[in-house]
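Here the structure comes first, spelled out in structure tokens, and everything after it is commentary.
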Amino acid sequence: MKRLTRVTLTLAAALVCGQALAVTRGGQLVYGRYADSLFLDPVLNDANLDIWILTNLYDTLLQPTADGKGVQPGLASRYTVSKDGKVMTLTLRSGLKFADGSALTAQDVKWSLDRARQPDAGAWSSSLASITSVTASGSTVTLNLKTPDPTLPAALATFNAAIMPQKLFTAAPGKNDAEKAKAFAEKPIGSGPFVLSEWKRGSYMVLKRNPYYWKKGEDGKALPYLDSVRFEIIPDDNTRILKLQAGELQGAEFIPLSRVAELRGNPRLNMTLFPSTKVNSILMNNRPTLKDGTVNPLSDVKVRQALNYATNKQALIQVVTYGTGKEMKSYMSSTTPLFDASAKGYPYDLAKAKALLASSKFKSGFDVTVLATSGSADDLALLTALQQMWGAIGVRLKIEQLDAATKTARYRANDFQMRTAAWTNDINDPSQITSYYALFSNIESVHTGFKSSEVDKLFAQSQQETSRVKRASQYRAIQNIYLNAAPIIYLYETPYPVALAKNVRGFVQIPLGNNIFAGASLEK
Amino acid sequence: MHSHYVLKRLLQIIPTFLAVMLVVFLLVRLLPGDPASAILGDRATADIVERTNRQLGLDQPLPTQFALFVWNLLQGNLGDSISLKVPVLRLIGERLPVTLFLTVYAAALGLLLAVPLAVLAAVRRNTWVDALIRGVFQVGLSLPVFYVALQLLTLLGARLGWFPIGGYGSGTLGHLYHLFLPALTLGLNLAAVLVRTLRNSVIEVITAEYVEFARAKGLRPRLIMTRHVLRNALIPTVTLLGLNIGALIGGAVITETVFAIPGVGRLMVDAIFGRDYPVIQGLTLTFAVIVSLVFLMTDLIHARLDPRTELS
């Protein structure tokens with residue numbers, strides 16, 4: 001009897017524990033976004049507003065890991081690369097289905113990748129440029145490559161390589177791919193954890209659970225846990241926060257960093273700072289003369305280094321990011337694969353800054369103009385702080401505020417001296433940011449005009465280097481050359497601030513910015 | 001009624017529209033920054049920007065683009081939004097009712113507040129009641145709309161929980177409930193404008209000889225107020241209201257952003273920042289139509305209230 005009691009008690013305890021650990025299924029999570037998505041085709045778009053939602057609708061063969069450091073299996077359960085690095089073979093999971101219940105086949109994969117890698121297909125086709133042909137047979141997909149490509153796994157885990165249903169897409173009305181994409185994107189069908197069920201532009205979007213999703217949850221049953229996610233579009237920061245505080249939302253993104261501390265103090269909320277790949281810097285025009293022909297002091301590397309040393313990052317982190325930022329030490333974020341952890345960056349050193357400027361051609365200081373985004377409180381806080389800091393070495397900073405489109409136009413015409421800039425990666429590989437920031441052949445190194453034949457050579461090698469160790473050393477060298485040339489002002493990395501209701505579990509915003517609702521649940 | 005006059009006025013609107021369209025067409029293209037750069041962002045290469053401009057037909061000479069625009073317009077086609085890739089007409093169709101609902105709601109609340117208070121202030125002129133009413137609205141007028149909006153949201157929405165914080169709701173009752181705070185915000189602003197004029201004209205009428213005469217005849221004060229005083233005092237107010245409806249639609253931009261209302265105001269802001277030419281053009285045209293119609297209606301109501309007005 002005694003023994004029986006004990007067994008019963010143990011069993012009961014196990015059951016109770018089991019229940020406490022189990023994830024709650026069902027319910028709707030209401031999430032406040034600052035702006036609506038624009039166009040839900042994975043290939044023909046390039047806006048974060050879409051990219052960060054697309055992964056909930058469409059699945060990729062591989063997926064980025066939540067820490068941003070690598071890739072994990074997705075629709076493909078495994079992949080192998082041939083010895084010479086020129087053939088990649090992927091094995092699809094069995095029984096994959098799209099959200100309408102139709103089978104997802106290797107042919108859909110071939111068709112999707114072929115569509116995404118056409119040179120004319122969106123701004124992203126180059127990520128798949130190493131592929132010369134795709135063949136499909138049974139559950140195997142084979143990619144034949146021009147050259148070995150270490151970036152390919154990450155590229156296959158990126159939104160533009162999403163697998164779409166060939167039959168449904170081609171059956172959509174329209175004369176050509178662009179028109180069909182427009183029609184299909186109105187009511188997209190993918191194989192992601194959710195499927196679009198309702199979309200009132202500018203107001204809200206409802207994603208319903210995809211009953212055919214392949215990934216299993218902790219309870220062994222298919223994900224996602226939630227029945228639906230509803231995105232409410234609330235552009236005003238204050239309103240978004242008020243709605244969250246009133247319990248009308250269970251999550252809100254883009255919380256201004258100035259309000260993070262306040263929301264942390266709210267016992268009903270879980271103020272989360274997800275690590276991001278966001279780097280904030282000031283781009284400098286490195287060319288000898290400006291667009292109007294005047295001499296540009298920023299063409300002198302000593303001047304650029306001096307400004308970097310005269311920038312007190314810790315103070316800026318306190319003033320502009322309210323302590324949430326982190327000093328930037330490489331042009332890429334510390335969450336980017338192959339980030340050089342030994343990089344020294346530019347520690348604040350006023351004496352060094354003065355000495356460098358004194359040994360330059362601009363000893364007595366100079367005027368410099370920076371383009372800022374009008375209406376951005378962050379830009380203004382940052383630049384007025386820099387005015388003070390750089391004033392200490394005789395550099396007079398003038399602020400020119402422009403709306404974003406005008407700022408972009410000036411920048412694209414190389415008609416600027418300095419500008420504020422932020423960057424986030426879209427792919428779990430350092431090649432994307434490097435090609436933009438350090439390669440003149442892309443967009444003139446984010447229009448700074450920085451050019452280094454050494455960097456060009458190292459980058460070209462790294463794009464075919466299959467040894468991770470060697471690739472890391474190539475990237476270390478690139479980051480080092482860049483740091484010494486200082487084409488930009490290194491500022492800080494900032495997180496993604498998301499405020500969640502206390503009962504929300506399992507939601508992740510990965511460093512690439514994608515909002516992952518597959519494992520999110522609402523606990524009772 | 002005045003059908004001939006109405007038809008003539010409607011026909012006069014057409015050349016106005018053409019002029020408006022030409023100006024807007026040229027102005028948006030004079031702005032620095034093109035749609036391709038705006039959609040593609042900072043990262044776009046020159047090739048991709050050029051390709052996108054070509055796909056959008058923005059590489060064509062301006063006269064060709066304008067001719068094509070007018071040609072499409074004549075067929076009832078306003079083009080597709082560049083960033084959202086859906087027909088502009090559909091976007092406006094979805095968003096305009098929201099803004100109109102808000103505008104009418106705000107005008108109604110504004111009048112409900114302004115008329116009785118203005119009459120009260122006029123009747124009790126130069127007493128503390130008059131001073132209080134005028135003072136409160138004077139302060140209201142000097143407060144920025146977004147500030148009033150946020151205060152109402154914080155107090156009546158978040159703290160007291162009487163109204164939802166932003167959104168549009170569903171069904172007419174849902175809209176009335178969800179849009180109460182934004183309508184009140186705009187209505188307060190409108191009432192502040194109207195109260196002063198209406199109070200002055202009520203005073204003017206009250207002291208007019210024919211009202212004295214009516215009073216001397218022994219008519220009930222209430223009847224005098226509604227039939228003689230208000231009817232005449234409302235004439236300048238109607239004109240002012242008409243002028244302000246245009247401003248209300250424009251002012252909805254801020255209110256719609258703060259209250260997360262999916263109306264045309266917010267659509268316009270997004271379109272301007274995104275250099276979404278077709279949307280900017282389509283919305284400007286719509287605004288021009290609405291303002292013209294409101295002015296026409298104002299004139300008709302004016303004529304109705306004041307038989308001395310000649311419509312010609």
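Here the structure is a predicted model, which is why all the values come from computation and not from measurement. Note that these values count all heavy atoms, side chains included, but never hydrogens, waters or copies made by symmetry. Order of the sequence lines sets the chain letters (A, B, ...), proteins ahead of strands, with each chain counted from 1.
- Side-chain atoms of A:Thr239 and B:Phe259, non-hydrogen and from C-beta on, never get closer than 4.5 Å to each other.
- By the neighbour-count criterion of 12 heavy atoms within 6.0 Å, atom CZ of B:Phe273 is sparsely surrounded, having that number or fewer from other residues, nucleotides or ligands.
- Annotation: the span from B:Asp80 atom CG to A:Glu179 atom CD amounts to 9.0 Å, rounded to 0.5 Å.
- Residue B:Leu91 touches chain A through its side chain alone, counting heavy-atom pairs closer than 4.5 Å.
- In A:Lys187, the NZ atom is crowded: over 12 heavy atoms of neighbouring residues, nucleotides or ligands sit closer than 6.0 Å.
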Q: Dump the intermediate steps for side chain to side chain contact (heavy atoms under 4.5 Å, CB included) on B:Val86 and A:Arg201, then the final yes or no.
A: CA-CA 10 Å; B:Val86 291; A:Arg201 282 170 193 281; 3.4 Å; yes
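- Contact annotation for A:Lys182: only side-chain heavy atoms (C-beta onward) come within less than 4.5 Å of a heavy atom of chain B.
- Side-chain contact check for B:Arg275 and A:Thr406: at least one donor-acceptor pair (N or O, by modelled atom type) lies under 3.5 Å.
- Using a 4.5 Å cut-off between heavy atoms, B:Arg159 does not touch chain A at all.
- Contact annotation for A:Glu444: neither backbone nor side-chain heavy atoms come within less than 4.5 Å of a heavy atom of chain B.
- The line from CD1 of B:Ile82 to CG of A:Leu38 is 12.5 Å long, rounded to the nearest 0.5 Å.
- Of the atoms belonging to A:Glu248, it is side-chain heavy atoms, and not backbone ones, that fall under 4.5 Å from chain B.
- Top candidate by heavy-atom pairs under 4.5 Å with chain B, chosen from A:Trp423, A:Tyr204, A:Tyr436, is A:Trp423.
- B:Arg266 and A:Ile233 make their closest contact through NH2-CG2, 3.5 Å (heavy atoms, listed as atom of the first residue, atom of the second, distance).
- Heavy atoms of A:Leu402 lying under 4.5 Å from chain B are absent altogether.
- Interface check for chain A: of the options B:Gly167, B:Ala158, B:Pro164, the most heavy-atom pairs under 4.5 Å are formed by B:Pro164.
- Within 6.0 Å of NZ on A:Lys180 lie more than 12 heavy atoms contributed by other residues, nucleotides or ligands.
- In this structure, the portions of B:Thr154 lying under 4.5 Å from any heavy atom of chain A include both its backbone and its side chain.
- Contacts of A:Ile443 with chain B are made by side-chain atoms alone, with heavy-atom separations under 4.5 Å and no backbone atom involved.
- At a 4.5 Å heavy-atom cutoff, the contact between B:Arg51 and chain A is made by side-chain atoms alone.
- Among A:Ala246, A:Ala409, A:Pro235, the residue making the largest number of heavy-atom pairs under 4.5 Å with chain B is A:Pro235.
- Taking both residues in full, the closest heavy atoms of A:Phe39 and B:Ser83 are given as CB-O, 4.3 Å, listed atom of the first, atom of the second, then distance.
- Taking chain B as the reference chain and counting heavy-atom pairs below 4.5 Å, the highest number among A:Val446, A:Asp237, A:Leu44, A:Thr408 is found for A:Thr408.
- Top candidate by heavy-atom pairs under 4.5 Å with chain A, chosen from B:Leu150, B:Leu84, B:Thr45, B:Asp42, is B:Asp42.
- By number of non-hydrogen pairs under 4.5 angstrom with chain B, the leading residue of A:Asp50, A:Asp403, A:Asn442, A:Ile234 is A:Asp403.
- In this structure, the portion of B:Val49 lying under 4.5 Å from any heavy atom of chain A is its side chain and not its backbone.
- Proximity to chain B (any heavy atom under 4.5 Å) is restricted, for A:Gln432, to the side chain, taken from C-beta onward.
- No part of A:Asp36 comes within reach of chain B, as not one of its non-hydrogen atoms sits under 4.5 angstrom from that chain.
- Among all heavy-atom pairs drawn from A:Gly202 and B:Pro262, the shortest one is O-CB, 3.7 Å.
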